[in-house]
Amino acid sequence: MARRLRPVELDFAESAPLRLVFAAEIAAPPEAVYAALADDVAGWSCWFTGVARSAPTHGGKGREVRLTGGTRFAETVLAAEPDVHYAYRVDATNAPGLRALLEEWRLAPAGSGTRLRWTFAADGPAPFRFVLTLARPGLGRAFRESARALDRRLARA
């Protein structure tokens, strides 16, 4: 990894200088969605847009992620509350401009399915935050496509 980021905790999901929040409903129940997020880390490349490879590290307390463009992340899992909450921070990356990043996934029952909420909380210099704000529609589209792909994957399971 090129450089270490500022270590943040769960409260960063609410206090980050830049917060992007997306939500979708999935037909699968929360326990199946949570298992796909937290237990099948290697499976992310099958459904999350842009993830080329993902692997658990440190006995499931960390993750290594590589995006299709070559960006890499070394992450620490901060929350793993079955069927409800999964969150991780990026500890090191080769992405320029990033100072801190935390991603939080919240799950809630929605009928027989799940309401899934993804918070992308980041910090970086003003130009970085501006560019990420401009990228919001693309990140939202990627999230929606990924949620649909996850829904299809869980329906086949």
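Model, not experiment: these values are computed from the prediction. In what follows, residues are counted from 1 in the order of the sequence shown. These numbers come from the heavy atoms of this one structure, side chains and all, not from hydrogens, waters or symmetry mates.
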Minimum heavy-atom distance [X]-[Y], with the two atoms named:
X      : Y      : answer
Asn94  : Gly70  : ND2-O, 3.2 Å
Leu101 : Ala122 : CD1-CB, 4.0 Å
Ala80  : Val77  : CB-CG1, 4.2 Å
Ala13  : Ala121 : CA-CB, 3.9 Å

Practice problem: Could you work out the complete set of other residues in the hydrophobic cluster of Phe12, with links drawn between I, L, V, M, F, W and Y side chains under 4.5 Å apart? | Solution: Val8, Leu10, Leu78, Leu102
Self-check item: Set of ring pair (Phe, Tyr, Trp, His ring centres under 6.0 Å) partners for Trp44, sequence neighbours left out
Solution: Trp47, Phe48, Trp105
Contacts of [X] that satisfy side chain to side chain donor-acceptor pair (under 3.5 Å) - sequence neighbours left out:
X      : result
Ser54  : none
Ser45  : none
Glu145 : none

Quiz item: Are the side chains of Leu107 and Leu37 in touch, meaning some heavy atoms are under 4.5 Å apart?
Solution: yes
Exercise. Decide yes or no for Leu5 and Arg3: does some side-chain heavy atom of the first lie under 4.5 Å from some side-chain heavy atom of the second?
Key: yes
Interatomic distance, [X] atom [atom1] to [Y] atom [atom2] [nearest 0.5 angstrom]:
X      : Y      : atom1 : atom2 : value
Thr119 : Arg106 : OG1   : CZ    : 8.0 Å
Glu64  : Arg72  : CD    : CZ    : 9.5 Å
Phe128 : Arg99  : CZ    : CZ    : 9.5 Å

Quiz prompt | Summary of salt bridge (Lys or Arg N to Asp or Glu O under 4.0 Å) pairs that have at least one residue in residues 74-88, sequence neighbours excluded | solution = Arg63-Glu75
Who pairs with [X] by salt bridge (charged side-chain N to carboxylate O under 4.0 Å, His left out), at least two apart in sequence or on another chain?
X     : value
Arg6  : Asp123
Arg66 : none
Asp91 : Arg89

Check residues 111-118 and write down every donor-acceptor pair under 3.5 Å in which the side-chain atom is one partner and the other belongs to a residue at least two apart or another chain.
unit_1, atom_1, unit_2, atom_2, d
Thr114, OG1, Ala28, O, 2.7
Thr114, OG1, Pro29, O, 3.4
Trp118, NE1, Glu103, OE1, 3.0

Quiz item: Is a side-chain N or O of Thr93 found less than 3.5 angstrom from the main chain of Phe73, in a donor-acceptor match?
Solution: no
Quiz item: Would you find a donor on one side and an acceptor on the other, under 3.5 Å apart, between the side chain of Asp151 and the backbone of Ile26?
Solution: no
Quiz item: What pairs of residues pass the side-chain hydrogen bond (donor to acceptor under 3.5 Å, both in side chains) test when at least one of them lies in residues 18-40, not counting sequence neighbours?
Solution: Asp40-Arg153
Quiz item: Would the Tyr86 and Tyr88 ring centres measure less than 6.0 Å apart?
Solution: yes
Which donor-acceptor pairs under 3.5 Å do side chains of residues 132-144 form with protein atoms, sequence neighbours excluded?
unit_1, atom_1, unit_2, atom_2, d
Thr133, OG1, Arg129, O, 2.8
Arg144, NH1, Gly140, O, 3.2

